[in-house]
Each structure stands twice: as structure tokens, then as C-alpha cells.
Amino acid sequence: MNKKVRVRFAPSPTGPLHIGGVRTALYNYLFAKQHNGDFILRIEDTDSQRFVPGAEEYIIEALTWLGLEFDEGVHNGGNYGPYRQSERKDIYKKYVDMLLENGNAYFAFDTPAELEAKRNEIANFQYDASTRLQMRNSLTLSKEETDSLINNREQYVVRFKIEPGQDVIVNDIIRGEVKINSSILDDKVLYKSADNLPTYHLANIVDDHLMEVTHVIRGEEWLPSAPLHVLLYRAFDWEETMPGFAHLPLLLKPEGNGKLSKRDGDRLGFPVFPLEWHDPKSGEISSGYRESGYLPEAVVNFLALLGWNPGNDEEILIMDDLIKLFSLEKCSKSGAKFDYEKAKWFNHQYIQKKSNAEIAALFIPILKEKGIESTAEYVEKIVGLVKERVSFVKELWDQSAFFFKAPETYDEKTVKKRWKEETPSQLTELISVLQNINDFSSHNQEEVVKSWIESKEYHLGNIMNAFRLAVVGESKGPHMFDITAAIGKEETIKRLETAIQNISK
Ligand code: GLU
């Protein structure tokens with residue numbers, strides 16, 4: 001088979017894209033890129049009842065943020081369009097007619113009340129070979145009756161006529177051979193006259209066929225539909241071009257019991273959506289990875305490893321690595337536990353990987369908000385000194401505020417512990433030592449200050465701790481002389497003077 005690989009991500013615009021859906025899109029993307037294939041965005045919006053405005057735009061924005069560019073789709077076109085199912089109505093009608101003509105489908109006129117009555121009459125009622133002849137459909141009505149009902153605009157559905165007793169085999173790339181008997185399937189509705197629209201199953205198969213999709217990579221929840229899809233391919237006589245199926249493992253709650261849901265995110269305090277979502281109906285706002293401060297590279301890496309791994313211990317894999325290494329065969333069959341701490345760990349790693357200039361560019365707007373104007377060069381230097389301490393760019397402020405402004409208060413506990421009787425006079429001496437240093441580099445200051453402390457036989461810890469308290473306001477921060485070298489001699493001395501004046505015990 002030398003056909004060009006073509007895969008599609010086919011979400012229904014029923015709300016924000018869940019993080020599990022993002023992983024599905026990512027796996028499709030990796031597979032397409034690895035095979036120099038096409039990655040298609042198709043919007044499956046045939047269920048107008050569940051349509052949510054803004055959902056399609058949200059999906060595109062989220063995937064663009066993560067760097068998953070489509071080759072074809074609703075937003076960028078292509079040779080197989082339209083890519084929105086609601087715009088393909090006319091196409092489907094023809095295929096429904098094809099199934100009706102070759103006897104693989106039939107019209108059914110049963111009203112909701114009639115169906116309800118049947119359900120009450122027969123326990124576990126299923127519309128299938130065992131019951132269809134008791135119902136009001138084109139198999140039980142004469143051709144004339146059927147035609148006249150249709151001509152009188154009676155509402156109908158078209159149902160798939162499933163032959164019972166056949167083995168249906170789905171060769172799933174991840175799960176191997178999945179075999180079921182067609183007798184357990186019901187005669188699925190493929191088309192509804194009420195809105196002139198096909199249902200998901202028909203539209204999905206017809207579009208995969210017409211769009212020459214070679215592989216269907218989707219969530220585990222679609223596995224039960226796969227046998228029906230195989231039968232549809234058979235009914236259309238398209239078996240030869242049937243795509244390969246790969247049903248991805250579920251994303252599980254952190255505790256491992258059951259499917260990850262939005263409620264788990266709310267309960268444990270983490271986002272389950274890529275971007276913040278404003279529900280157009282309820283007005284409710286759900287948090288997103290982007291707004292929570294995640295780098296898109298970290299989210300991609302984290303998600304890629306939920307259900308797949310390259311088979312060694314390597315964890316930091318950028319998009320290009322993932323494209324090279326990804327394999328559907330190595331995806332696990334069992335669910336992947338969602339580990340939020342790991343997401344943070346990945347973000348920390350990616351912050352370290354980025355250059356100081358890149359992180360500074362993200363930090364400068366935060367500084368501006370705090371009223372701090374500083375040169376990019378200075379911010380870069382500070383980022384370099386503190387970034388190993390943070391997992392998110394927004395945490396940089398807490399770790400580095402003292403590089404941008406003098407402390408306004410002094411931590412009480414630290415004052416109690418570190419500010420001694422002799423401290424003011426020692427720090428006054430320190431001021432004159434610093435004043436005499438011409439080369440204010442971290443290394444040189446350290447040498448000069450330490451030899452002064454030694455010559456005076458002062459206690460190194462006491463001096464340094466009080467020095468830090470005066471400059472930082474508490475006992476935190478990177479190497480002391482890196483701080484003073486960054487803020488400079490004048491500012492260092494000013495802070496020492498202020499502390500001597502203001503701290504009293
Ligand atoms: N529209 C389906 C969904 O929302 C697509 C499933 C598939 O990929 O076939 O997930």
C-alpha cells in the first residue's frame with residue numbers, strides 16, 4: 001500500500017476541546033508528519049441540538065497554540081472540502097440513496113410514541129432483525145404506502161439493515177483483532193428527514209471515504225462503533241479502501257479509577273482544557289493550560305507520553321523527536337493515569353530549556369503590570385539567576401522582585417533570628433568595604449568581603465544572613481554576591497543604609 005497517509009481530527013463542536021481530545025489530535029498529527037502525510041480538520045456538526053457557538057474557533061485556536069498545523073480543514077481549505085459536515089448535506093443524500101437502492105437500508109416511520117410502546121412491550125427492545133418486521137417501515141409497508149408517506153412529508157429515518165449472525169472483525173492497530181457478532185448490533189439510524197441530515201455514523205464513513213483517509217486514530221469511546229463502521233464499508237463495497245483503525249487508551253483520573261473529567265480538574269485544581277473556556281450559556285469560566293502559564297511545548301510533551309512512550313526512559317522529547325519516534329503499535333491498550341504533578345515538572349523542564357531571552361520576553365509584560373520598567377538585558381540576566389527555581393513564568397516575580405525594587409518590609413522571623421546586637425555596626429563597616437571595591441563583579445566582591453570578615457574574625461554566617469536580610473528583605477534568593485553584582489554598588493549600599501536605619505529590635 002503506497003497511498004499517501006491521510007489522517008483527520010474530526011471533533012464535534014459541542015464545547016471546549018477536552019485534553020483527551022487534544023491528545024487524539026496530537027497523535028494524528030505525529031503520525032501524519034512521520035509519514036509525510038496530510039493532517040485534516042473536519043468538523044462533525046450534524047447534531048444541531050448539541051452545537052455550541054465558539055467551539056470550532058476554540059478548537060482551532062487551541063491546536064494552533066500547540067503547534068499542530070493542519071494541511072487541510074475548515075479554516076484553511078483543501079481539495080476535499082467542504083470540511084464542515086453541515087455544508088455537505090447534498091453529498092450524503094446520494095450515499096443514503098445508494099444504501100436504500102442496494103437493500104442495505106430502509107425507511108422507518110415509527111413515531112417516538114410507537115417506539116416507546118414497543119420498549120414497554122419487549123424487555124431490552126432493540127430495533128434489529130428480530131424486531132424490524134413488527135415495526136412501521138418500508139420492509140413491512142407496501143411500496144405504495146411507503147411512497148405516499150414520504151410524499152406526504154411524514155417524518156422518517158433511514159436505518160441500516162444489519163444482517164444478523166455475521167462475524168465482524170475490526171483490526172485495530174493498538175488492540176489487535178476485535179471480533180463481534182453482528183446480531184448484537186441494532187439497525188442504526190443513518191439519516192433523519194426532520195433535518196435532512198445524516199447521523200454521525202454515515203457522515204463519518206462517507207467523509208473518510210471521500211477524503212481518502214487512510215488511518216482513523218480516535219478515542220477509545222469510539223471502539224464500540226467500529227464494527228458498525230466496518231459493516232458500512234462492506235455495504236458500500238468500499239472494503240478495499242477501508243482505513244486502518246487505532247483506538248487510543250482512555251485518560252484516567254489521577255487515582256486511576258475511571259475516566260478523567262472536568263470535575264476531577266475542579267476537585268484537584270488543574271485544568272482539563274487547553275485554553276480557558278467561557279461557556280456561552282452559563283457564563284462559567286473553566287481554566288486552561290495556556291492561561292495557567294504552561295508553555296505549549298511542555299503540554300505537547302506531557303500529553304504525548306500519556307498512553308505512549310518510546311520504550312526507553314527518555315522523557316524530554318520535543319515535537320521533532322516525537323515525530324521521529326511515535327508509533328501507534330507502542331501505544332498502550334490500558335488507560336493512562338493523568339498525573340498533574342508531571343505536567344508541572346514538564347513545564348519546569350521546558351522553562352530551563354528556553355533561552356533567558358525567550359523567558360524574559362514572557363516576563364517583561366508581568367513586570368510592566370507591576371509598574372517595573374527595566375531593560376531586556378537586565379531582565380535576561382535576572383531570569384538566568386532564578387529560573388531554575390520556578391515551574392511557571394509567573395512565579396519569577398516572587399523569586400526576583402528584590403532585583404527590581406528594594407524591600408519595603410523585613411520578614412519578622414528573619415529579623416528575630418538574624419539581626420543581632422552587633423549587626424548595625426558590622427554592616428556599617430561592610431558599607432565602607434563595599435565602597436572601596438572597584439570591580440563589583442560577584443566573584444571579586446566575594447573575595448574582598450570574605451577576607452574582611454576573616455581579618456576581623458567575624459562570624460561569616462551572621463554577616464551574610466544580615467546582609468541578605470537587608471538587601472532582599474528575607475532569607476531567600478540566589479547567591480548573595482550575584483544579587484549585589486546585579487543591582488550594583490550604589491543600590492546595595494543604599495539598601496544596607498535603609499536596613500540599618502529601619503530595623504531595630
Ligand atoms: N465526531 C467524533 C468526535 O467528536 C469523531 C470520532 C471519530 O474520530 O471518528 O469525537
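First listed ligand is number 1; within each ligand, the first listed atom is number 1. In this text the structure is predicted, and so the values were computed from the model without any measurement. All heavy atoms count here, side chains included; hydrogens, waters and symmetry mates do not.
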Taking the side chain from [X] and the backbone from [Y], do they hold a donor-acceptor pair closer than 3.5 Å?
{"X": "T24", "Y": "R218", "result": "no"}
{"X": "N28", "Y": "I217", "result": "yes"}
{"X": "N76", "Y": "F70", "result": "yes"}

* Under 4.0 Å to a heavy atom of E44 - the qualifying atoms of ligand 1, by number ->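 Listed by number with element: 1 (N), 2 (C), 5 (C).
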* Classify the contact between N204 and ligand 1 as side chain, backbone, both or neither, using a heavy-atom distance cut-off of under 4.0 Å. =>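 For N204, the contact with ligand 1 is made by the side chain alone.
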* Is ligand 1 under 4.0 Å from a heavy atom in the side chain of F9, in the backbone, in both, or in neither? ->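 The answer is neither; F9 stays 4.0 Å or more away.
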Where is the nearest protein heavy atom to [atom]: which residue, which atom, and how far?
{"atom": "atom 8 (O) of ligand 1", "value": "R8 NH1, 2.7 Å"}
{"atom": "atom 5 (C) of ligand 1", "value": "A10 O, 3.1 Å"}
{"atom": "atom 3 (C) of ligand 1", "value": "W222 CZ2, 3.3 Å"}
{"atom": "atom 7 (C) of ligand 1", "value": "R218 CD, 3.4 Å"}

* **Short side-chain donor-acceptor distance under 3.5 Å, D264 and S261** =>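 There is such a pair between these side chains.
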* Can a donor-acceptor pair be found between the side chains of Y80 and D38 at a distance below 3.5 Å? ->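 No, no side-chain donor-acceptor contact under 3.5 Å.
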* To do: Scan residues 7-33 for pairs that pass salt bridge (charged side-chain N to carboxylate O under 4.0 Å, His left out), counting only residues two or more places apart or in two chains.
  =>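 For residues 7-33, and leaving out neighbouring residues, the salt bridge (charged side-chain N to carboxylate O under 4.0 Å, His left out) pairs sorted by first residue read R8-D208, K33-D71.
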